Amino acid sequence: MQVRVRVPAKVNLHLAVGPLRRDGYHELVTVFHAVDLYDELVAAPAERIELAITGDGAGEVPADEHNLAWRAATLLAARTGAPPKVRLEIAKAIPVAGGMAGGSADAAAALVACDRLWRTGLSRTALSELAAELGSDVPFALLGGTAVGTGRGERLIRVKTNAILHWVFALAEQGISTPAAYRELDHLGGGSTTAPDALLEALHHGDIKLIAARLYNDLQAAALSLTPELQRTLDAGRELGALGGVVSGSGPTCAFIAASRDEAARLAAALAAERVCRATRVAAGPVPGALAR
Ligand code: C5P
């Protein structure tokens, strides 16, 4: 028996980074959005925990107990009493250190896969609590869709929207580590507590132009400070006809909303021709979170 799980990348439509808390995290108000750019994880019986990683950026990801998917399997076993025996194979398509929560996605996929393989039968709520222990973005990778996140990002409320968003992601040469982006923002004087009210209204009405105009990310300033070339990428996207653009999460991936699937394909080709990024990806959202298939 083996279990195959597909798990989406995320982009933050809104990311207001509030004050640094005593536990080292920042208080967030964010709007997560899952897109159809997936990592795939296959879990199969083994004598111990084993991990193999293939795909885009696989060489930059630890394939040992430091990997968040490995830690997810260990945590689930410890909490349920299941023997920690599984072979995990991850095929990466979500850019590594790209601000799209690829590591968190793999952890969510490992929770879902091991829960199924080991027949531990945890509820989605119980899985979500384990997810929050593993990382701030892991609960959203389980949930998917579009959701407001508060706390460190782990407290989630679903947002209903009819809008289908067509995205172009411009991938950068070098990744940015999430803690480095938050530290840089603190150096720059910190973020804001800006509420996403106008964005939520635009999502409610399914108004894609307004959604695109209201993309907001406090960490963008930090990403630009660490990787100034991103300004060219953001400018190019807007000049080439994106409805809106923003750095994704802690960066360096730049995310653009296009008017349609065809427009997204055209924009991706134009960005590639301008040589303002390493590669482009076209995607759409929202899509569900980690699912066994
Ligand atoms: O929760 P996660 O392990 O993904 O977070 C990685 C790092 O990002 C944290 O160690 C912290 O430096 C930073 N972070 C933060 N505030 C948050 C989420 C993450 O400062 N709300």
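The analysis underlying the following values was restricted to heavy atoms, covering all of them including side chains, and did not include hydrogens, waters or symmetry mates. Order of appearance sets the numbers: ligands from 1, and atoms from 1 within every ligand. The model shown is predicted, which means the values in this text are computed figures rather than measured ones.
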Anything under 3.5 Å between an N or O on ligand 1 and a protein N or O? List each pair with its distance, or write none.
unit_1	atom_1	unit_2	atom_2	d
ligand 1	1 (O)	Ser136	N	2.8
ligand 1	1 (O)	Ser136	OG	2.6
ligand 1	16 (N)	His26	N	2.8
ligand 1	20 (O)	His26	N	3.4
ligand 1	20 (O)	His26	ND1	2.6
ligand 1	21 (N)	His26	O	2.8
ligand 1	21 (N)	Arg152	O	3.1

#### Entry: Residue from Ile208, Val11, Val246 passing side chain to side chain contact (heavy atoms under 4.5 Å, CB included) with Ile257
Ile208

### Query
Under 4.0 Å between a Lys/Arg side-chain N and an Asp/Glu carboxylate O for Glu201 and Arg214?
no

#### Entry: Sidechain N-carboxylate O distance under 4.0 Å for Arg79, Glu133
yes

### Results of salt bridge (charged side-chain N to carboxylate O under 4.0 Å, His left out) for Arg71 - residues two or more places apart only
none

### CG/Asp64: more than 12 non-hydrogen atoms of other groups inside 6.0 Å
yes

### Task
Fit a plane to each ring of Phe140 and Phe32, take the angle between them on a 0 to 90° scale, and name the class: parallel (under 30°), tilted (30 to 60°) or perpendicular (over 60°).
parallel

